[in-house]
Amino acid sequence: MQWASILLLAGLCSLTQGQYDEDSHWWIQYLRNQQQSTYYDPYDPYPYEPSEPYPYGVEEGPAYAYGTPPLPEPRDCPQECDCPPNFPTAMYCDNRNLKYLPFVPSRMKYVYFQNNQISAIQEGVFDNATGLLWIALHGNQITSDKIGRKVFSKLRQLERLYLDHNNLTRMPGPLPRSLRELHLDHNQISRVPSNALEGLENLTALYLHHNEIQEVGSSMRGLRSLILLDLSYNHLRRVPDGLPSALEQLYLEHNNVYTVPDNYFRGSPKLLYVRLSHNSLTNNGLATNTFNSSSLLELDLSYNQLQKIPPVNTNLENLYLQGNRINEFSISSFCTVVDVMNFSKLQVLRLDGNEIKRSAVPADAPLCLRLASVIEI
């Protein structure tokens with residue numbers, strides 16, 4: 001039995017050795033196969049690397065739920081544009097003298113077409129990329145009659161739309177409810193219809209400055225998330241009918257506003273900054289408590305036609321009244337009661353360029369304005 005076992009073992013060894021002799025370099029082929037399964041060319045323009053943070057400080061979760069993203073093919077990016085591999089969802093087509101909008105790949109979330117010669121946004125141009133978050137089209141030659149009626153309607157994730165510095169004469173729309181920032185400044189828009197901003201409940205910033213707007217009406221009422229509204233450098237004669245309750249910054253300088261209703265700011269309890277300089281305000285157009293809002297920190301009424309200092313709340317910190325026709329210093333405009341416990345928090349007061357003289361400042365002014373570090377008369 002021992003000899004039989006020895007002979008059987010020797011036969012098996014001989015058989016195994018014979019298999020290896022048929023391909024004496026089998027192990028070299030094996031190593032090559034293993035190497036090819038993990039190797040990538042370091043000069044490949046789309047290497048297998050984790051995605052970098054998104055451009056302009058935008059942070060997002062992973063674009064793919066499992067593993068590394070598939071490699072985009074070179075033809076996935078229009079030849080007129082640049083699609084850097086370290087920002088796989090951004091497409092840069094800015095400053096290239098483009099006269100049209102190129103194809104937008106479906107993977108894109110941020111597209112930059114600013115500073116070109118684009119004059120139209122054709123219908124369906126974004127239909128392949130419905131996940132867009134940012135669209136930058138500022139600094140072009142786009143006109144209102146060459147924007148597709150439903151060109152933005154399918155972009156249900158769009159957050160920022162830049163259409164400033166174009167040739168728009170009307171408000172674009174309809175716009176997606178997801179929008180958070182809308183830039184329409186430096187155009188030729190003349191009015192804002194009441195339904196132009198309908199449904200934009202998530203909008204936080206609206207830039208309409210440097211247009212030709214004469215009427216706003218009640219178009220801002222439904223913007224319940226709006227924090228910043230800039231309507232400066234227009235042709236407004238009236239302030240908007242009703243301000244959003246979340247509003248913190250209101251810019252209306254360089255218009256033709258001549259009156260502000262009583263308790264106008266009561267509906268915006270978070271309002272911090274109001275600029276109404278370079279308008280046509282007179283004391284006759286202002287009610288007693290117009291600016292007596294406890295939330296206000298800064299109020300700019302410079303370069304109007306005021307003859308008296310309007311009453312302000314004691315919480316106000318900065319008041320700009322230069323360039324008016326004020327001829328008296330009324331301490332009651334700042335403090336209804338003047339004593340040790342009651343005083344204004346005003347830090348900066350500018351009255352230069354008026355008809356008032358420093359000798360007109362009452363003796364109890366330092367007690368009321370004890371926190372003021374700058375008083376210009």
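Every heavy atom of this structure was used, including side-chain atoms; hydrogens, water molecules and symmetry mates were not. The chain is numbered in sequence order, starting from 1.
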Pair up each side-chain donor or acceptor in residues 141-149 with any protein partner under 3.5 Å, not counting sequence neighbours, and list the distances.
{"unit_1": "T143", "atom_1": "OG1", "unit_2": "D145", "atom_2": "OD1", "d": "2.7"}
{"unit_1": "S144", "atom_1": "OG", "unit_2": "T169", "atom_2": "N", "d": "2.9"}
{"unit_1": "S144", "atom_1": "OG", "unit_2": "R170", "atom_2": "N", "d": "2.9"}
{"unit_1": "R149", "atom_1": "NH1", "unit_2": "G173", "atom_2": "O", "d": "3.4"}

Quick one: which residue pairs count as a disulfide (SG to SG under 2.5 Å) with a foot in [range], not counting sequence neighbours?
| range | value |
| --- | --- |
| residues 342-377 | C335-C368 |
| residues 174-255 | none |
| residues 97-140 | none |

Test side chain to side chain contact (heavy atoms under 4.5 Å, CB included) applied to [X] - qualifying residues, sequence neighbours left out:
| X | value |
| --- | --- |
| D94 | Y92, Y112, Q114 |
| D339 | V337, M341, N342 |
| S294 | N313, N315 |
| Q249 | L228, Y251, Y273 |

(request) Taking all heavy atoms of P310 and all of L321, pick out the closest pair and write down the distance. (result) CD-CD2, 4.3 Å
(request) Any chance you could measure S106, atom OG, to D127, atom CG, to the nearest 0.5 Å? (result) 12.5 Å
(message) Test: salt bridge (Lys or Arg N to Asp or Glu O under 4.0 Å). Region: residues 207-233. Which pairs qualify, not counting sequence neighbours?
(response) E201-R224
Could you list the residues that satisfy side chain to side chain donor-acceptor pair (under 3.5 Å) with [X], not counting sequence neighbours?
| X | answer |
| --- | --- |
| Q305 | none |
| T259 | none |
| N95 | none |

